[in-house]
Amino acid sequence: MGRFVTAKSRIEQTEDGYWRTVDNELYLDDDNQLYITPRYFWTDGYTFPGLVMAILGDKNFYDARPAHGHDLFCRFHECVKVNLSLSQLKHMELLKLHDGKVVCEDIPIEHLSIEKVSKTWTDNCFKRMMKAAGVPKVQRNIIRFGVFFNLNWWLKTGKKSILEYNIYEEDIGLVNGV
């Protein structure tokens with residue numbers, strides 16, 4: 001089973017309805033592939049669809065890390081793979097314990113790869129991330145069903161590449177910039 005390696009990122013409100021991650025978030029998928037949602041990524045945290053959350057509760061009721069990853073994948077139709085193992089990250093002192101929480105320092109770009117992803121892969125990875133974050137199975141299935149209907153995938157997103165950003169030094173995925 002996949003798991004989040006890092007603690008929940010601190011977030012800052014940027015403008016009404018939008019947030020920016022302060023810390024890198026690292027997810028280890030079922031196949032042992034590591035993915036990073038880089039700091040300074042803008043999100044509305046609304047991957048948990050409004051109608052579903054109206055039934056299940058506040059959109060921020062659950063751990064937001066799966067929503068951050070899903071928003072990144074959806075916004076760019078790409079993911080950021082980490083081409084190092086956990087032990088290599090520890091050895092390079094890129095994974096550290098800070099105040100009892102695991103944090104990920106900026107991984108050098110040469111150890112990352114940007115890869116195109118499909119909508120099906122994106123939504124299925126989101127479901128695996130929700131499982132790793134402890135979202136109950138019934139809610140995971142309902143939310144996964146809900147993101148199937150995200151028409152923005154075809155209408156609005158995927159126009160820019162993550163490579164157009166210096167991912168650790170500027171706000172990635174600015175809402176009006178993408």
Side-chain angles (χ1 to χ4, degrees), residues 1-12 19-45 47 63-135 140 144 147 150 152-153 157-175 177-178:
M1 182 173 105
R3 67 182 174 97
F4 281 94
V5 176
T6 54
K8 298 173 187 174
S9 174
R10 296 168 292 158
I11 57 172
E12 298 173 333
W19 304 88
R20 176 173 81 164
T21 59
V22 176
D23 306 299
N24 296 314
E25 293 178 331
L26 200 59
Y27 172 70
L28 181 67
D29 206 354
D30 292 351
D31 62 358
N32 287 320
Q33 176 61 59
L34 285 164
Y35 298 94
I36 189 170
T37 302
R39 63 187 172 99
Y40 303 143
F41 176 67
W42 278 50
T43 177
D44 60 4
T47 294
D63 182 340
R65 291 175 293 182
H68 298 163
H70 189 259
D71 282 356
L72 178 76
F73 305 153
C74 285
R75 184 120 357 109
F76 296 103
H77 302 188
E78 297 173 331
C79 67
V80 184
K81 285 186 171 184
V82 178
N83 300 317
L84 295 169
S85 67
L86 287 175
S87 60
Q88 289 171 314
L89 290 171
K90 290 176 191 173
H91 179 74
M92 295 170 71
E93 297 184 1
L94 296 171
L95 277 183
K96 297 180 179 179
L97 207 55
H98 180 72
D99 290 335
K101 297 179 180 180
V102 176
V103 296
C104 180
E105 300 294 334
D106 295 348
I107 299 169
I109 301 298
E110 61 266 17
H111 298 295
L112 303 175
S113 60
I114 309 298
E115 296 193 11
K116 288 283 186 195
V117 293
S118 69
K119 181 160 183 354
T120 300
W121 180 91
T122 294
D123 293 348
N124 288 339
C125 186
F126 175 52
K127 186 176 178 181
R128 293 189 303 273
M129 286 195 248
M130 286 190 293
K131 182 177 182 181
V135 175
R140 276 195 316 266
R144 169 58 181 90
V147 296
N150 176 8
N152 283 335
W153 179 275
T157 62
K159 310 275 190 241
K160 284 190 172 184
S161 171
I162 294 171
L163 294 173
E164 294 180 42
Y165 294 87
N166 183 339
I167 64 173
Y168 297 125
E169 293 182 15
E170 65 180 290
D171 292 333
I172 182 171
L174 280 169
V175 176
V178 174

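Positions are given from 1, in the same order as the sequence printed here.
- Between G2 and A132, the shortest heavy-atom contact is O-CB, 3.4 Å.
- Looking only at atom types and distance, the side chain of T120 has no donor-acceptor partner in the side chain of S118 under 3.5 Å away.
- Taking OG1 of T21 as the reference point, atom CZ of R10 lies at 10.0 Å (rounded to 0.5 Å).
- Side chain of R140 to main chain of V135: a donor-acceptor pair is present (N/O by atom type, distance under 3.5 Å, no hydrogens or angles).
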**Item:** Audit row: K160, Y165, side chain to side chain contact (heavy atoms under 4.5 Å, CB included) steps and yes/no
**Value:** CA-CA 9 Å; K160 284 190 172 184; Y165 294 87; 3.9 Å; yes
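- Here CG of D30 is found 7.0 Å from NZ of K131. Values are rounded to the nearest 0.5 Å.
- Of all the heavy atoms in I167 and P38, the pair that sits closest is O-CB, 3.9 Å.
- Side-chain atoms of N152 do not come within 3.5 Å of backbone N or O of T157 as any donor-acceptor pair.
- Under the salt bridge (Lys or Arg N to Asp or Glu O under 4.0 Å) criterion, the residue pairs touching residues 106-127 are R39-D106, E78-K116, K81-E115, K119-D123, D123-R144, with sequence neighbours excluded.
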**Message:** Is there a side chain to side chain contact (heavy atoms under 4.5 Å, CB included) between E93 and E105? Walk through the geometry before answering.
**Reply:** CA-CA 8 Å; E93 297 184 1; E105 300 294 334; over 6 Å; no
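- With hydrogens and angles disregarded, no donor-acceptor distance shorter than 3.5 Å links the side chain of S161 to the backbone of F76.
- At least one donor-acceptor pair under 3.5 Å links the side chain of Q33 to the backbone N or O of V82.
- Judged purely by atom type and a 3.5 angstrom limit, S9 uses its side chain to pair as donor or acceptor with the backbone of V22.
- One finds the CG atom of L112 at 7.0 Å from the CG atom of N83 (value rounded to the nearest 0.5 Å).
- Summarising the geometry of L26 relative to T6, their closest heavy-atom pair is N-OG1, 2.9 Å, with the distance given to 0.1 Å.
- The CE atom of M129 sits 11.0 Å away from atom CG of N124, with the distance rounded to the nearest 0.5 Å.
- Applying the ring pair (Phe, Tyr, Trp, His ring centres under 6.0 Å) test to every pair with at least one member in residues 21-41, sequence neighbours left out, gives these pairs: F4-Y27, Y35-W121.
- Distance check: C104 SG to L94 CG gives 6.5 Å after rounding to the nearest 0.5 Å.
- By the side chain to side chain contact (heavy atoms under 4.5 Å, CB included) test, N32 is found to be paired with L28, residues two or more places apart in sequence or in another chain being considered.
- Considering only residues two or more places apart in sequence or on other chains, K8 meets the side chain to side chain contact (heavy atoms under 4.5 Å, CB included) condition with D63, R65.
- Atoms OG1 and CZ, on T122 and R75 in that order, are 13.0 Å from each other to the nearest 0.5 Å.
- For H111, the side chain to side chain contact (heavy atoms under 4.5 Å, CB included) partners at least two apart in sequence or on another chain are L84, M92, I107, P108.
- Applying the side chain to side chain contact (heavy atoms under 4.5 Å, CB included) rule to E169 yields the partners N166; only residues at least two apart in sequence or on another chain are considered.
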